[in-house]
Amino acid sequence: MAKMDENFPDLDEFLEGKKRHLVSYAEGARMYQIPYYSFVRLAKEAGANTTLRRTCVIDVDIIEKYLEEHLDTADRIGLVRG
């Protein structure tokens with residue numbers, strides 16, 4: 001096994017025990033069946049972006065809570081999907 005770079009945190013250790021569902025922009029767009037940039041905009045509106053190791057990941061739980069609270073956005077996403 002390759003030695004971990006001392007400058008970067010161990011992501012497995014960071015995420016261990018957390019019940020969050022983190023995805024990339026591309027995975028989220030596929031999951032919600034909407035265009036990539038629509039998902040990027042949704043994630044930014046919801047404040048669900050987190051940067052780990054120079055990579056942006058999205059907390060799906062925050063997206064779901066945002067959509068429950070903002071039904072107009074949920075409807076807009078439904079129109080994009082439909």
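Remark: H70 NE2 to R76 CZ distance equals 10.5 Å, nearest 0.5 Å. Going from atom CD of E45 over to atom CG of N49 covers 11.0 Å, rounded to the nearest 0.5 Å. With rounding to the nearest 0.5 Å, the separation of CD in Q33 from OG in S38 is 13.5 Å. Distance CD1/I77 to CZ/R41: 9.5 Å, rounded to 0.5 Å.
Within the 4.5 Å cutoff, the side chain of M31 has heavy atoms near those of the H21 side chain. Residues V57 and D59 have side chains not in contact (no heavy-atom distance under 4.5 Å, counting atoms from C-beta outward). For the pair T73 and L42, the minimum side-chain heavy-atom distance is below 4.5 Å. Annotation: side chain of I58 is not in contact with side chain of L22 (no heavy-atom distance under 4.5 Å).
Connection of I63 to L71 is not established within any shared hydrophobic cluster, with ILVMFWY side chains joined at heavy-atom distances below 4.5 Å, either directly or through further cluster members.
Classified by interplanar angle (parallel below 30°, tilted 30° to 60°, perpendicular above 60°), the ring pair Y32/F39 is parallel.
A donor-acceptor pair is defined here as one N or O able to donate and one able to accept, closer than 3.5 Å; such a pair exists between the side chain of S24 and the backbone of E27.
Applying the salt bridge (charged side-chain N to carboxylate O under 4.0 Å, His left out) test to residues at least two apart or on different chains, none of the pairs has a partner in residues 63-74.
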